[in-house]
Undergrad: 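The structure is given below, and queries will be raised subsequently.
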Amino acid sequence: MVPHEPRVRGRRRIRRDADLYKERDTVERLINKLKSWRGIATRYDKTPDSHLAGLRLRASMIWIRDLTRTAH
């Protein structure tokens with residue numbers, strides 16, 4: 001009889017790289033923060049340049065907010 005991998009609720013356990021998962025989670029959280037801004041989520045900006053400008057503006061706002069939180 002061949003030993004099987006440990007199972008979780010009848011499924012095979014998936015091996016994952018913890019560092020890669022952490023990076024992916026960070027990126028997903030940033031994308032969700034960007035999309036929470038209505039102008040980006042609904043894409044009212046019709047031209048690629050104005051949409052990119054909105055993304056940059058929102059990213060700057062998030063970055064500045066994070067900087068001010070760590071300064072205190």
Undergrad: For Asp49, which residues count as a side chain to side chain donor-acceptor pair (under 3.5 Å) partner, sequence neighbours excluded?
TA: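 Asp49 satisfies side chain to side chain donor-acceptor pair (under 3.5 Å) with no other residue.
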Undergrad: To the nearest 0.5 Å, tell me how far Leu55 CG sits from Arg58 CZ.
TA: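 That separation rounds to 11.0 Å.
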Undergrad: Between CD of Glu23 and CG of Asp17, what distance do you get to the nearest 0.5 Å?
TA: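 Between atom CD of Glu23 and atom CG of Asp17 there are 8.5 Å.
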Undergrad: So how far is it from Asp19 CG to Arg24 CZ, rounded to the nearest 0.5 Å?
TA: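 One gets 14.5 Å once the value is rounded to the nearest 0.5 Å.
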Undergrad: Check whether any side-chain heavy atom of Ile62 sits under 4.5 Å from a side-chain heavy atom of Leu34, and report yes or no.
TA: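 The answer is yes, as the side chains (C-beta and beyond) meet within the 4.5 Å cut-off.
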Undergrad: Under the side chain to side chain donor-acceptor pair (under 3.5 Å) test, which residues partner Arg65, sequence neighbours left out?
TA: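 For Arg65 there are no side chain to side chain donor-acceptor pair (under 3.5 Å) partners, ignoring immediate neighbours.
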Undergrad: Which hydrophobic side chains are connected to Ile31, either touching it within the sub-4.5 Å cutoff or through other members that do?
TA: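 Val27, which link up through side-chain heavy atoms under 4.5 Å apart, make up the rest of the cluster.
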Undergrad: Atom OG1 of Thr26 and atom OH of Tyr21: how far apart are they, to the nearest 0.5 Å?
TA: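 Answer rounded to 0.5 Å: 10.5 Å.
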Undergrad: Please round to the nearest 0.5 Å and tell me the distance separating atom CG of Asp66 and atom CG of Leu30.
TA: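 Taking CG in Asp66 and CG in Leu30, the distance rounds to 9.0 Å.
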